[in-house]
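Down below is the structure, laid out as structure tokens.
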Amino acid sequence: MKDQIIRLLAQKDYVPANVPELLRLLRLSPHCQQELQVALRQLEQSGAVARIKGNRYIQPREADLIPGRIRMNRAGKGFLQPDDSDLKEITIPESATGTALHEDHVLVRRDVRRKSFRGELAEADTGTVVRILERKRTQMVGTLQRGRQFLFVTPDDPRIPHDILVPEPRDVGRPARIGDKVVVELREWESPHTSPEGEIVEVLGAPDEEGVDMLSVLRQYDLPLYFPKTVLAEANVIGKIVNPRDEAGRVDCRRHQVVTIDPDDAKDFDDAICLERVSPDQWRLWVHIADVSHYVKPGTALDIEARKRGNSTYLVDRVIPMLPEALSNELCSLKPNVDRLTKCVEFLLSNDGRVLNAKFYSAIIHSQRRFAYGGVLEILQRKPTDDPIEKMLWHAHELAQKIRRLRFKAGSLDLDFPETKIRLDEHGKILRIEKTENDISHQLIEEFMLLANEAVATRLMGLRTPAIYRIHEEPDARRLQEYRQDVLSHNVACGNLNHPAEVQKLLHKLGTLPIGQALKIGFLKSLMRARYAVEPLGHYGLAKKKYTHFTSPIRRYADLVVHRALFDKNSGPASALKEIAEHISVTERNSADAERDSKDVKLFAFLKAQLASGDPQKYPALVTDVRNFGFFVDVPGLAMSGLVPLSLMEDDFYVFDEARRNLVGRRTRRMIRLGDKLTVQVARVDTFKKQVDFRLVDDNKSGVRHPAGRRNKSSRGAPARPVRGRHRVL
């Protein structure tokens, strides 16, 4: 019936009709009215049809109504990602978001855009939220507080600017005290002019109570702590070892020198490699990926739960896996010295790294060795021994670097930054913060995985098999132009950034400048976020026209779907794939936010303890933005950014020079501008707004400029973390 309705509404002579009229137009009997109403309600909720005045139904675009997923920023502005991939992002002003919340599925009326004198579009697409099609989240975590006449909950998520009115909590298992973290169920909220109302459904406890911080993150992002019994039962039935009957029809690669390379604390080994020379000019590379699709069949309890989770989530103190540990850490994990089933991409490569041929098949392996990145780096930084596996790693490294150079020559962008890992003690407090560089050991595996992802996408597109692709759309031209003007204002030459070659040239130049890392962060902020789609729209950051995710099926549902599409021709109908792609794009963003918040809550507690001690630690920092109220800094040692407000600059009165984008002290003529390397201490921690303020430490190591133009040499080439919330584009 849904298809009939959509076809009817698409007819050129269709006039908006109500339910009785639709019954007649569809030639349905009156007793089908209830079924028709259910179908219309489902189509409306999905955004396929729109209900207008008089309860009449039309195709949304007929009335400039665009369904999509809205994302909010902390300032209250919304950004709509339309369901129709042919449409570009629509900006929703703060006053036009209505009652929409972050990640809601909404219907937006697009504004008619004015044209400039030259006929060019003067403004980006904007719109107004007219209806909430589906709430992404009905429960949220916050802090219970008391007003003069009522109780209210202040949400932890700063993208929700409204306090939620609540009655006295009842039947929630434990008494709720003012200041406690609680979970509140949102009731119907129809007007942005009134405060939302809700009901407390769970009391988590005092914010400083052990375990409450991480429990708050789990509840906020609706992350499950346990698997349903039916899922665990299915996993246990599968067993713990590879069954001999599962070897049938597979290529036996157990004699190959197969190895895995992963972080030192990893347990779910998705991928393994083997490399052999076949002639003086050619290499054979095997990329083996865990064969999760052999064990997780469509429609099973395991599959339904994996799809619901969408991906594994790596919090600072635990992993929320997509699959039960019996599969993720054991039977599917490519552990050493045991047989494992894989899906393999076998490459024939030229000596300079070009792909000559690729084959795809099911295989069985017996991994010879498990390496951590640090161990591989140690091997690659010295001469290889007579160990054949060490020699293979050396050859793999040399070949990977050739492939990497070809990738950048083809237009791929160098967007890598150092990453950090927080290590906790047994009480859940920060023990140390480690920095991880994207060194040659990481690049060895990364290049081979990118090669496999591209080869699989090429194969699927050649077969015209419905599948899910990893896409990264080109940035909005206006954002690039704004960024270009920012770069030029710092006297850095910059060409037309609509041409990828000019972007590459700029990024290379930024790598040589003191302010380069700060400006590179600005470029990252101008990019779109990578996502999943059924249309192979290509990957801007990697400069690949054909790209998908194939190499991590233990922790990403997208890869599992791609395995089925390539090997089983059973990825499901296109309509179902589109729904899956949208869903796993949302779960990926949800996990990324949860991972960030899990680090933040630990960092905030860590910094609060420093403030309480009266002697906060000093950290090197990089100025990433300068405003009239202060300047933002990136603090690599904490893997976070924050503001140094002018109100905490007590040595002088600072004036903002808008033209030069810097701050100048009236008395000392001290100058602060983008790229300066400074020393800071934590000054304030606002857990509600999730913001940290720093104060400048005035010591001789500061890179602050003075009127004569003297510059501390340590400010050159300062490494930096990107601002919180940056996204990887792979």
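Note that these values count all heavy atoms, side chains included, but never hydrogens, waters or copies made by symmetry.
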Exercise. Going by the salt bridge (Lys or Arg N to Asp or Glu O under 4.0 Å) test, which pairs reach into residues 267-283, not counting sequence neighbours?
Worked result: D270-R555

Exercise. How far apart are the C-alpha atoms of S441 and D439, what are their side-chain angles, what is the distance that settles it, and do they pass the side-chain hydrogen bond (donor to acceptor under 3.5 Å, both in side chains) test?
Worked result: CA-CA 6 Å; S441 67; D439 58 41; 2.4 Å; yes

Seminar exercise, completed: Hits for side-chain contact (heavy atoms from CB on, under 4.5 Å) against L356, two or more places apart or cross-chain, chain-then-number order -> Q282, L348, S350, R354

Seminar exercise, completed: The complete set of salt bridge (Lys or Arg N to Asp or Glu O under 4.0 Å) pairs with one or both residues in residues 284-293, sequence neighbours excluded, reads R250-D291, R284-E346, D291-K343

Problem set entry | side-chain hydrogen bond (donor to acceptor under 3.5 Å, both in side chains) between R531 and S585, intermediate numbers included | CA-CA 5 Å; R531 61 188 179 92; S585 294; 5.8 Å; no

Exercise. Less than 6.0 Å separating the ring centroids of Y483 and F523?
Worked result: yes

For this session: Please determine if E454 and R407 form a salt bridge, counting it only when a charged side-chain N lies under 4.0 Å from a carboxylate O.
Result: no

Problem set entry | Set of residues satisfying side-chain contact (heavy atoms from CB on, under 4.5 Å) with respect to Q443, sequence neighbours excluded | Q401, R404, N438, I440

Exercise. Sub-3.5 Å donor-acceptor pair from the side chain of H472 to the main-chain atoms of M528, do we have one?
Worked result: yes

Problem set entry | salt bridge (Lys or Arg N to Asp or Glu O under 4.0 Å) contacts in which one or both residues fall within residues 316-334, not counting sequence neighbours | E330-K335

Exercise. Tell me the ring pair (Phe, Tyr, Trp, His ring centres under 6.0 Å) pairs involving residues 248-275, sequence neighbours left out?
Worked result: H256-W286

For this session: State which residues pass side chain to side chain donor-acceptor pair (under 3.5 Å) with K602; sequence neighbours excluded, sorted by chain then number.
Result: D213

For this session: Kindly state each residue pair satisfying ring pair (Phe, Tyr, Trp, His ring centres under 6.0 Å) with at least one member in residues 436-460, sequence neighbours excluded.
Result: Y373-H442

Problem set entry | Residue pair N453 / Y547, side-chain donor-acceptor N/O under 3.5 Å | yes

Exercise. Looking at residues at least two apart in the chain, or sitting in another chain, which of them share a ring-ring contact (aromatic ring centres under 6.0 Å, His included) with H508?
Worked result: none

Exercise. Excluding sequence neighbours, so at least two apart, what forms side-chain contact (heavy atoms from CB on, under 4.5 Å) with D264?
Worked result: A372, R423

For this session: For D625, enumerate each residue passing the side-chain contact (heavy atoms from CB on, under 4.5 Å) test, keeping only those at least two apart in sequence or located in another chain.
Result: R627, F632, R661

Seminar exercise, completed: ring-ring contact (aromatic ring centres under 6.0 Å, His included) filter on F631, not counting sequence neighbours, yields none

